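Sharing a structure below in structure tokens format, with a few things to ask.
Quantities reported herein were computed from a predicted structural model and do not represent experimental measurements. Per chain, numbering begins at 1; letters A, B, ... match sequence-line order. Because only heavy atoms are used, hydrogens play no part in the values below, and waters and symmetry mates are left out as well, while side chains stay in.
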Amino acid sequence: MSSIENMLRDALISALKKMDMEVSSLPQIDLSKSKQKGHGDLASNIALMLASQKKENPRALAESIIQHLELPDDVSKVDVAGPGFINFTFHPNVHYQTLRQVLKEGSNYGRSDWGKGQKTQVEFVSANPTGPLTIGHGRQAVLGDTVSRLLEATGHDVTREYYFNDAGRQMRVLGESVQLRFQELIGESVDFPDDYYQGDYIVEIARKGLEEKSETFKDDEDLIYFRNLAETEIFDLIKSTLVRLGIHFDVFFNEKSLYESGKIKAVLQTLRDKDLAYDQDGAVWFRTTKFGMEQDRVIVKSTGEPTYRLPDIAYHKEKMDRGFDRIIDIFGADHIATYPDVLAGMQALGYDSSKVQVLIHQFVTLTEGKEKMKMSTRKANFVTLDELMDEVGEDVTRYFFLNRSMSSHLNFDLTLAKTQSDENPVYYVQYAHARICSILRKAEEQGIPVDSDPDLSLLQTPEEMDLIKTLREFPSIVTEATRQFEPHRLPGYLEELATVYHRFQHGGRQDESLRVLTSDIEIAQARLALCRATQIVLANGLKILGISRPEKM
RNA sequence: GCCCCCGUAGCUCAGUUGGAUAGAGCAUCGGAUUUCUAAUCCGAGGGUCACAGGUUCGAAUCCUGUCGGGGGUACCA
């Protein structure tokens, strides 16, 4: 955050003091970028806020504030507009200074260290290995990875973690599904139940099994064999899909290890000791009502098998014990009811549950033309992430999932996605980057010397100034996107930046004097510096999104 | 029944803790090119911000209710 905002804030406060205002009861002074051109560089609604508090006319109040205001040197103009906004216009030097900063910081521009030293864990995907990753998983995978990248860009120490369970009923059914397909392959006639895994990939795995096994006896040992085979094969598949998407996990955490290390039992015992767990109807209940919930919840079924809550709580305790300062869980909307139990569990065990931040994203609904499809791994009516990437490419896939806010349903029209791949805004952004690379190459070919300290004050056209002002926003876009966990702000910003750049460069088509490589060498050098700065910001932004930065298109 | 998310242009979606004339892309229509990459630019049309009340200087945004879509409300995860 550049200090000009702070200087203005201080100036406003001292102006208000002069007016005998109660500074302590002041609403927070909001200084935000003016929404429209002609309204200056920053706008404050302080007069409007105070007017409502004091029941005074906001415009008159704004005028009065201005009269008492001592402007910092870098602010060249101040005026009152609309219902009572105070608009500030910067001296152009502020903008040239921004440009120098971008060029100096290079790939660090936009990065910050406000998360310095914060050990942060991000858990996402966490799909059990029962089938290939689908478009539904894709949204979470890309969101989780990008949230992680944002956290890294703001200085956090991030661990990406994938939690899975290979011991449950799902996995048993999976193993049996493979076994049945195997029996078919060796010529036995089998009855394949409707609610078993229908996908072709099951047959593929069974075929793999045929390479090392020639018969099956339907005993437990066989079942374990097929279950394990399925798990390794499917996990390989999942990992290769993730690699393709540019996602690397630091830790794959197996739920089973919580049982083996006795941590599940220990949690249960602790809850019992604290009288937060009790027996009833043959099951063990967790007193969630103690933590403000409507009813208690079962944590161990009467069969003796824990419900998902118990291992989830034990897992989060494990995370806490590993010393993370922040724990971020990314879940689909179907898990919305489960996390309060986990948070209650943390409180019950004496941990600070505010360290856990749960991000819920809405579902992907898949349509093909007008058909609405309900995705189900079991029934094998899904589109895999790999198929999507084959069709539209990795960059489009990532962008598609990132361009929308988590809280809105993502309507995925397959036919549209295919035809739209040419029109996808990601190309628009990448093209701006490629165009800059091209122009820089051209400058080199023409032998224009690189001036490390060009006269930036030669940049004066509205297009040039717009571009610089847009570059100036980047760091706060990154920090806000991180703070609010809203990755979609970044693609929106990059599209805006690309637009402003394209407009700038387009000007040169009609008018030679507006070209970057214009005959006036000094102007050319100043514009080349502007191009380099834009390239830096586009590249830094795309990198955070995990999208490639082509030098040619 | 109760709880959570969503409802904004023909379509897909933005809209910063309540602020200035509600925006963008796609689609449609009209213009610009012997290009520093037309994967570009400029312009036009297109809106009862689901509906009805309320809060106030000001509401797409906050509150209440209704309708519609999705998800939950398990001794499934």
Taking the basic N atoms (NZ, or NE/NH1/NH2) and the acidic carboxylate oxygens, is any pair closer than 4.0 Å for D279(A) and R272(A)?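 Salt bridge present between D279(A) and R272(A).
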Is the phosphate of A74(B), meaning OP1 or OP2, less than 4.0 Å from a side-chain N or O of K301(A)?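 Looking at the OP1 and OP2 atoms of A74(B), neither is under 4.0 Å from any side-chain N or O of K301(A).
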To the side chain of F363(A), which of C75(B), A20(B), G70(B) is closest?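 Nearest nucleotide to the side chain: G70(B).
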Among the nucleotides U73(B), G69(B), C36(B), which one has an atom lying closest to any side-chain atom of K442(A)? C36(B)
Nearest to the Q295(A) side chain among A20(B), U73(B), A77(B), which nucleotide is it? U73(B)
Could you tell me the separation between the CD atom of E305(A) and the C1' atom of A77(B), rounded to a whole number of Å? 11 Å
E522(A), CD atom: more than 12 neighbouring heavy atoms under 6.0 Å: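 For E522(A), atom CD is not crowded (no more than 12 foreign heavy atoms under 6.0 Å).
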I need the single residue from F253(A), Y315(A), F235(A), F124(A) that forms a ring pair (Phe, Tyr, Trp, His ring centres under 6.0 Å) with F164(A). Which is it? F235(A)
Output the rounded distance in Å from CD (E496(A)) to P (G25(B)).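 Rounded to whole Å, this separation is 10 Å.
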From I436(A) atom CD1 to Q505(A) atom CD, the distance as rounded to the nearest 0.5 Å: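 So the gap between those two atoms works out to 7.5 Å.
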Within the 4.0 Å heavy-atom criterion, would you say N411(A) contacts the bases, only the backbone, or no part of the nucleic acid?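 Sugar-phosphate: the residue N411(A), judged by heavy atoms under 4.0 Å, touches backbone atoms but no base.
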Do the charged groups of R398(A) and E394(A) touch, with an N to O distance under 4.0 Å? no
Out of C13(B), C5(B), C36(B), minimum distance to the side chain of I439(A) belongs to C36(B)
Could you check whether A43(A) gets within reach of a base, just the sugar-phosphate, or nothing at all, counting any heavy atom under 4.0 Å?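 If one applies the 4.0 Å heavy-atom cut-off, A43(A) turns out to touch a base.
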Regarding T289(A) and D296(A), is there a side-chain donor-to-acceptor distance under 3.5 Å anywhere? yes
Taking the basic N atoms (NZ, or NE/NH1/NH2) and the acidic carboxylate oxygens, is any pair closer than 4.0 Å for E486(A) and R489(A)?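 A salt bridge links E486(A) with R489(A).
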How would you label the contact of A283(A) with the nucleic acid (heavy atoms, under 4.0 Å): base, sugar-phosphate, or nothing? base
Across the strands shown, which category fits S438(A) at heavy-atom distances under 4.0 angstrom: base, sugar-phosphate, nothing?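 Base contact - S438(A) has a heavy atom under 4.0 Å of at least one base atom.
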Report which part of the nucleic acid Q510(A) touches: base, sugar-phosphate, or nothing (heavy-atom distance under 4.0 Å, all strands). sugar-phosphate
Remember a base hit wins even if backbone is also touched, and classify A81(A) as base, sugar-phosphate or nothing at under 4.0 Å, heavy atoms. base
Can you tell me how far P of C4(B) sits from CD of E294(A), to the nearest Å?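 Interatomic distance, CD of E294(A) to P of C4(B): 10 Å.
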Counting heavy atoms from C-beta on, name the nucleotide in A74(B), A14(B), C75(B) closest to the side chain of V298(A). C75(B)
How about Y501(A) and T470(A): does a side-chain donor come under 3.5 Å of a side-chain acceptor?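 No, because no side-chain N or O of Y501(A) sits under 3.5 Å from a partner of the opposite role on T470(A).
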Under 4.0 Å between any heavy atoms, over every strand shown, what does T518(A) touch: base, sugar-phosphate, or nothing? Just pick one. nothing
What N/O pairs connect the protein and nucleotides 39-41 of chain B at under 3.5 Å? Give each pair on its own line.
{"residue": "U40(B)", "atom": "O2'", "partner": "R435(A)", "partner atom": "NH1", "Å": "3.4"}
{"residue": "U40(B)", "atom": "O2", "partner": "H506(A)", "partner atom": "ND1", "Å": "3.4"}
{"residue": "C41(B)", "atom": "OP1", "partner": "Y428(A)", "partner atom": "OH", "Å": "2.3"}
{"residue": "C41(B)", "atom": "O4'", "partner": "H506(A)", "partner atom": "ND1", "Å": "3.3"}

Rounded to whole Å, how long is the line connecting atom CD of E473(A) with atom C1' of U16(B)?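 These atoms are roughly 12 Å apart.
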Just the rounded figure in Å: distance from P of G70(B) to CZ of F331(A).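 One finds 24 Å between P of G70(B) and CZ of F331(A), rounded.
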From G69(B), U73(B), A77(B), pick the nucleotide closest to the side chain of H335(A)?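 For the H335(A) side chain, the nearest candidate turns out to be A77(B).
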Would you mind reading off the distance between Q362(A) atom CD and G72(B) atom P, rounded to a whole angstrom? 11 Å
Could you please spell out the steps behind the side chain to side chain contact (heavy atoms under 4.5 Å, CB included) verdict for Y493(A) and V537(A)? CA-CA 11 Å; Y493(A) 166 78; V537(A) 174; 3.8 Å; yes
On RNA chain B, check which nucleotide each of R169(A) and A333(A) is closest to and give me the residue with the more 5' one.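 On the 5' side of the pair lies A333(A).
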When we call it a touch if two heavy atoms are under 4.0 Å apart, what does D281(A) touch: a base, just sugar-phosphate, or nothing?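 Base contact.
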Minimum-distance nucleotide (side-chain atoms of W285(A) versus C75(B), A14(B), G25(B)):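 Among C75(B), A14(B), G25(B), the one nearest the side chain of W285(A) is C75(B).
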What is the distance from CG of N45(A) to P of U16(B), rounded to the nearest Å? 14 Å
I'd like to check E495(A) versus N403(A) (side-chain heavy atoms, cut-off strictly below 4.5 Å). Are they in contact?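 Answer yes - side chains close enough.
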Let me have RNA chain B in dot-bracket notation, would you? Count Watson-Crick plus G-U wobble pairs, both distances under 3.5 Å, and use [ ] for pairs crossing earlier ones and | for inter-strand partners. (((((((..((((.....[...)))).(((((.......))))).....(((((..]....))))))))))))....
Between L514(A) and E486(A), who's closer to the 5' end of RNA chain B by nearest nucleotide?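 Final value for this comparison: E486(A).
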Which part of the nucleic acid, if any, lies within reach of L440(A) when heavy atoms closer than 4.0 Å are counted: base, sugar-phosphate only, or nothing? nothing
Inspect the contact between R527(A) and D520(A) and indicate whether a charged nitrogen and a carboxylate oxygen are less than 4.0 angstrom apart.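 No salt bridge links D520(A) with R527(A).
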So what does I360(A) touch, heavy atoms closer than 4.0 Å: a base, only the sugar-phosphate, or nothing? nothing
Salt-bridge criterion met for R483(A) and E480(A) (N-O under 4.0 Å): yes
Looking at E161(A) and K319(A), is there a salt bridge between them, counting it only when a charged N and a carboxylate O are closer than 4.0 Å?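 No.
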Taking only heavy atoms on the protein side, list every residue of residues 306-319 of chain A lying under 4.0 Å from any atom of RNA chain B, sorted numerically. P306(A), T307(A), Y308(A)
Within this structure, what is the CG-to-P distance between N403(A) and A14(B), rounded to whole angstrom?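 Roughly 8 Å, once rounded to whole Å.
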Pick base, sugar-phosphate or nothing for G508(A), based on heavy-atom distances below 4.0 Å to the nucleic acid. base
Check the phosphate of A14(B) against S408(A), side-chain N and O only, distance under 4.0 Å to OP1 or OP2. Yes or no?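 Checking A14(B) against S408(A), a side-chain N or O does come within under 4.0 Å of OP1 or OP2.
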Charged N to carboxylate O below 4.0 Å: is that the case for E5(A) and R472(A)? yes
